[in-house]
Enquirer: 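Sharing a structure below in structure tokens format, with a few things to ask.
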Amino acid sequence: MNKLYNETKDKLEELINNYDVEVRKDQIVRSLYARIDMLEGDIEKYKLRIKELESNMRNLMNDFLEYLRGSKYVLIRYSEGLDLNSVVQIHNSILVMSIGELMNVGIDKLISIGINSVVLIDVTEKSMLRPIWKRGLRVIPIGMIYNGSLSEVLFIDRSIINNAIESLGREFLSALDEDQLRKMINEYRRLRSGMLE
């Protein structure tokens with residue numbers, strides 16, 4: 001009886017040990033499958049990111065070809081070390097800057113080196129732009145031509161920029177200048193009062 005009991009006990013322990021080994025194997029296999037699923041998910045994310053980058057690269061190349069054909073402007077983001085003279089040398093280029101950067105560089109300096117158009121990234125009120133236009137610098141708020149995120153270099157259709165410049169030009173340059181009108185009225189009054197005496 002003892003012998004049978006001991007054999008049964010040994011067999012039971014062996015079964016329990018084998019069961020533990022099987023359970024552990026099963027857990028290891030399940031964790032490996034879970035890890036494989038995570039890695040496959042990561043691979044899919046990377047594949048999507050690569051497709052996105054390839055698409056961006058194709059778009060950039062198409063934009064660059066359109067720029068070379070003359071149907072796009074290249075917008076160059078101003079930075080502290082940017083050589084403004086080199087910007088002037090780039091055909092169909094427009095500087096992109098903030099109003100603070102514009103004031104720091106100076107309107108007269110930009111005009112003197114040959115920059116005649118600037119896109120402003122932080123101005124929404126057109127009334128702020130009129131005095132700058134009067135000084136000879138065509139400034140365009142970014143919202144009139146582009147709504148996406150900015151990068152160092154951006155290509156925009158010429159027609160969009162030209163339409164914005166034309167629209168602002170009509171609005172600012174063809175409107176009566178109140179100061180000039182006041183000066184003309186005062187000059188007229190002065191001349192008239194001199195004639196009456």
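Residue indices begin at 1 and follow the sequence shown.
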Enquirer: Any chance you could measure I160, atom CD1, to D157, atom CG, to the nearest 0.5 Å?
Expert: 4.5 Å
Enquirer: For W133 and V139, indicate whether the former's side chain and the latter's backbone hold a donor-acceptor pair under 3.5 Å.
Expert: yes
Enquirer: Salt-bridged, R49 to E52, with N to O below 4.0 Å?
Expert: yes
Enquirer: I need the I76 CD1 to S86 OG distance, nearest 0.5 Å.
Expert: 7.0 Å
Enquirer: Any Lys/Arg nitrogen of E166 or R170 sitting under 4.0 Å from an Asp/Glu carboxylate oxygen of the other?
Expert: yes
Enquirer: How far apart are the C-alpha atoms of L154 and V96, what are their side-chain angles, what is the distance that settles it, and do they pass the side chain to side chain contact (heavy atoms under 4.5 Å, CB included) test?
Expert: CA-CA 10 Å; L154 186 66; V96 178; over 6 Å; no
Enquirer: If only atom types and distance count, is the side chain of R158 paired as donor or acceptor with the main-chain N or O of G70 below 3.5 Å?
Expert: yes
Enquirer: Would you find a donor on one side and an acceptor on the other, under 3.5 Å apart, between the side chain of D83 and the backbone of N85?
Expert: yes
Enquirer: Determine the minimum heavy-atom distance between V118 and L110, stating which atoms define it.
Expert: CG2-CD1, 4.1 Å
Enquirer: Minimum heavy-atom separation for L84 to L95, with atom names?
Expert: CD2-CD2, 3.7 Å
Enquirer: Taking atom CD1 of I43 and atom NZ of K45, what is their separation to the nearest 0.5 Å?
Expert: 12.0 Å
Enquirer: Can you tell me how far apart CG (L65) and CE (M61) are? Round to the nearest 0.5 Å.
Expert: 5.5 Å
Enquirer: Within the distance-only criterion (no hydrogens, no angle test), does the side chain of S117 pair as donor or acceptor with the backbone N or O of I94 below 3.5 angstrom?
Expert: no
Enquirer: Taking the side chain as every heavy atom from C-beta outward, state whether N92 and K72 have any atom pair closer than 4.5 Å.
Expert: no
Enquirer: For residues I107 and M103, report the shortest heavy-atom separation together with the two atoms involved.
Expert: CD1-CE, 4.1 Å
Enquirer: Whether the side chain of Y67 engages the backbone of H91 through a donor-acceptor N/O pair (distance < 3.5 Å, no angle test) should be reported.
Expert: yes
Enquirer: When rounded to the nearest 0.5 angstrom, what distance separates CG in L129 from CD in E171?
Expert: 9.0 Å
Enquirer: If we ignore hydrogens and angles and just use 3.5 Å, is the side chain of D122 paired with the main-chain N or O of I99 as donor and acceptor?
Expert: yes
Enquirer: Restricting to pairs with a member in residues 99-111, which pass side-chain hydrogen bond (donor to acceptor under 3.5 Å, both in side chains), not counting sequence neighbours?
Expert: R77-E101, S98-E101, D108-R135
Enquirer: Counting only heavy atoms not in N6 (residues, nucleotides, ligands), do more than 12 fall under 6.0 Å from its CG?
Expert: yes
